[in-house]
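In what follows, a structure is listed as structure tokens, so that the remarks can point back to it.
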Amino acid sequence: MPKLKTKSAMAKRVKLTGTGKLKRHKSNTQHILGKKTTKRKRDLRKATLVDKTVSNKIKKTLLPYL
């Protein structure tokens, strides 16, 4: 069976934590920021974990060697 390729686009967007979970950045931070509250923009800066229902698929198919 051939080796699997890592999807480089996903590898750039996600990092692995020490416990094996996937960490990602939140969206909605690039433009149209004037109508968003300061609190909302501050909370969007923080990283969050990928949902576990999706992270299993990501680890198996998109990031097989991460």
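Because only heavy atoms are used, hydrogens play no part in the values below, and waters and symmetry mates are left out as well, while side chains stay in. All values derive from a computational prediction rather than experimental measurement.
- When atom types are taken as modelled, the side chain of K59 and the backbone of G20 share a donor-acceptor pair closer than 3.5 angstrom.
- The shortest distance between side-chain heavy atoms of L44 and R40 falls below 4.5 Å.
- Here the CD1-NZ distance, from I58 to K7, works out to 13.0 Å after rounding to the nearest 0.5 Å.
- Note that NZ of K41 is 12.5 Å distant from CG of N28, once rounded to the nearest 0.5 Å.
- Checked by atom type and distance alone, the side chain of K21 never pairs as donor or acceptor with a backbone atom of L49 at under 3.5 Å.
- Within 6.0 Å of the CZ atom in R24, the count of heavy atoms belonging to other residues, nucleotides or ligands exceeds 12.
- If you take CD1 on I32 and OG1 on T29, they are separated by 12.0 Å, rounding to the nearest 0.5 Å.
- Nearest heavy atom pair, residue R45 against residue H25, reads O-ND1, 4.5 Å.
- Residue K23 places its NZ atom among 12 or fewer non-hydrogen atoms of other residues, nucleotides or ligands, all under 6.0 Å distant.
- Hydrophobic clustering keeps L66 apart from L4 (ILVMFWY residues linked when any side-chain heavy atoms are closer than 4.5 Å, directly or through intermediates).
- The cluster map of Ile, Leu, Val, Met, Phe, Trp and Tyr, joined by side-chain heavy atoms under 4.5 Å apart, puts Y65 and M10 in different clusters.
- Crowding of K26 atom NZ: a count of heavy atoms from other residues, nucleotides or ligands under 6.0 Å exceeding 12.
- How far OG1 of T48 is from CG of L22: 11.5 Å, rounded to the nearest 0.5 Å.
- Going from atom CG of L63 over to atom CZ of R13 covers 11.5 Å, rounded to the nearest 0.5 Å.
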